[in-house]
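Below is one structure, written out as structure tokens; the observations come after it.
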Amino acid sequence: MLVVANFKMNGNKNFFLKLNETYEKLKIKGTNVVLCPPFVYLSNLNIKNKNVCLGAQDISIVGNNKSTGQIGAYMLKEFNVKYCIIGHSERRAIGETGEMIAKKVKSACENKIIPIICVGEATKQDKSSAVKNQVKSALKYLQPGSKIIFAYEPVWAIGSGQVPTIKHINNKIKTIKAEANALGFSPKILYGGSVNDNNFLQLKTAEIDGFLVGGLSLDTNKFCKLIMGV
Ligand code: PGA
């Protein structure tokens with residue numbers, strides 16, 4: 001199982017420094033953990049645990065010296081970042097387009113950072129092919145066979161306390177897999193959206209390879225309970 005913590009715009013230097021101690025002591029078996037702090041705290045995480053590594057929450061598209069405020073893939077590499085969340089619905093909501101996401105995915109892969117591409121329908125009632133289209137669009141500039149991960153995150157489940165049924169998740173996983181396979185990719189697929197310490201065992205019965213966790217990652221005790229239990 002792969003468990004990814006998306007801290008979003010939360011935490012402070014002290015919070016992230018404390019995680020070093022916590023995760024160093026944690027004897028994790030069979031699960032890999034990716035911690036994705038805000039960029040400015042990447043350097044505060046120096047965890048000595050072979051099951052824990054670093055991820056970023058975004059990556060810049062353009063890679064030249066006229067990119068004020070952007071963080072390029074090679075900079076993330078310097079901080080030992082192995083994964084990068086791309087196309088989170090909170091970024092799509094502030095204007096990130098499919099084209100931008102495709103370019104970010106390409107930039108990550110070119111720099112050997114594994115993209116965790118977020119896809120998901122907007123509402124519970126949405127029966128459109130939105131998820132399929134997001135998958136296709138994100139892979140537009142990528143060489144078949146590149147190492148990628150998808151996170152199925154229904155937008156309506158993020159931070160809402162609502163989770164889809166296992167059947168619903170499995171249907172979407174099937175769609176993501178079919179589209180990715182048809183384009184020459186064999187991604188791992190995570191589930192994200194209101195995963196907590198009470199529902200993760202049930203959610204784990206879906207055909208998923210792990211979780212993308214938001215809110216719960218801020219409660220270190222509960223998040224560790226999830227890591228040790230999956
Ligand atoms: P949540 O967030 O776990 O708080 O619902 C998940 C995410 O936004 O990735």
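Computed from a predicted model, the values in this text were never measured in an experiment. Whatever order the structure lists ligands and atoms in, that order sets their numbers, starting from 1. Residues: numbered from 1 along the sequence shown.
Interface of Asn6 with ligand 1, defined as ligand atoms under 4.0 Å from a residue heavy atom, comprises 9 (O). Heavy-atom proximity to His88, at under 4.0 Å, picks out these atoms of ligand 1: 7 (C), 8 (O), 9 (O). Within the listing of ligand 1, atoms 2 (O), 7 (C), 8 (O) sit less than 4.0 angstrom from a heavy atom of Lys8. Close contacts of ligand 1 with Gly214, meaning ligand atoms under 4.0 Å from a residue heavy atom, involve 1 (P), 2 (O), 3 (O), 4 (O), 6 (C).
Residue pairs meeting the salt bridge (Lys or Arg N to Asp or Glu O under 4.0 Å) criterion with at least one member in residues 151-166, sequence neighbours excluded, do not occur.
At a 3.5 angstrom cut-off on N or O pairs, Val213 does not count as close to ligand 1. Considering backbone and side-chain atoms alike, Gly193 places every N or O at 3.5 Å or more from each N or O of ligand 1. Considering backbone and side-chain atoms together, Gly159 places an N or O closer than 3.5 Å to an N or O of ligand 1.
Residues Lys204 and Phe211 are in side-chain contact: their nearest non-hydrogen atoms beyond the backbone lie under 4.5 Å apart.
Considering only non-hydrogen protein atoms, atom 4 (O) of ligand 1 sits nearest to Gly215 N, 2.8 Å. The protein non-hydrogen atom at the shortest distance from atom 9 (O) of ligand 1 is Glu153 OE2, 2.7 Å.
The 12-atom threshold is exceeded at CD of Glu24, counting heavy atoms of other residues, nucleotides or ligands nearer than 6.0 Å. Sparse packing is recorded around NZ of Lys13, with 12 or fewer heavy atoms of other residues, nucleotides or ligands lying under 6.0 Å away. Summarising the local packing, CD of Gln162 is surrounded by more than 12 heavy atoms from other residues, nucleotides or ligands at distances under 6.0 Å.
Ring pair Phe16/Tyr41 is parallel by interplanar angle, where below 30° counts as parallel and above 60° as perpendicular.
With sequence neighbours left out, the side-chain hydrogen bond (donor to acceptor under 3.5 Å, both in side chains) criterion links Lys188 to no other residue.
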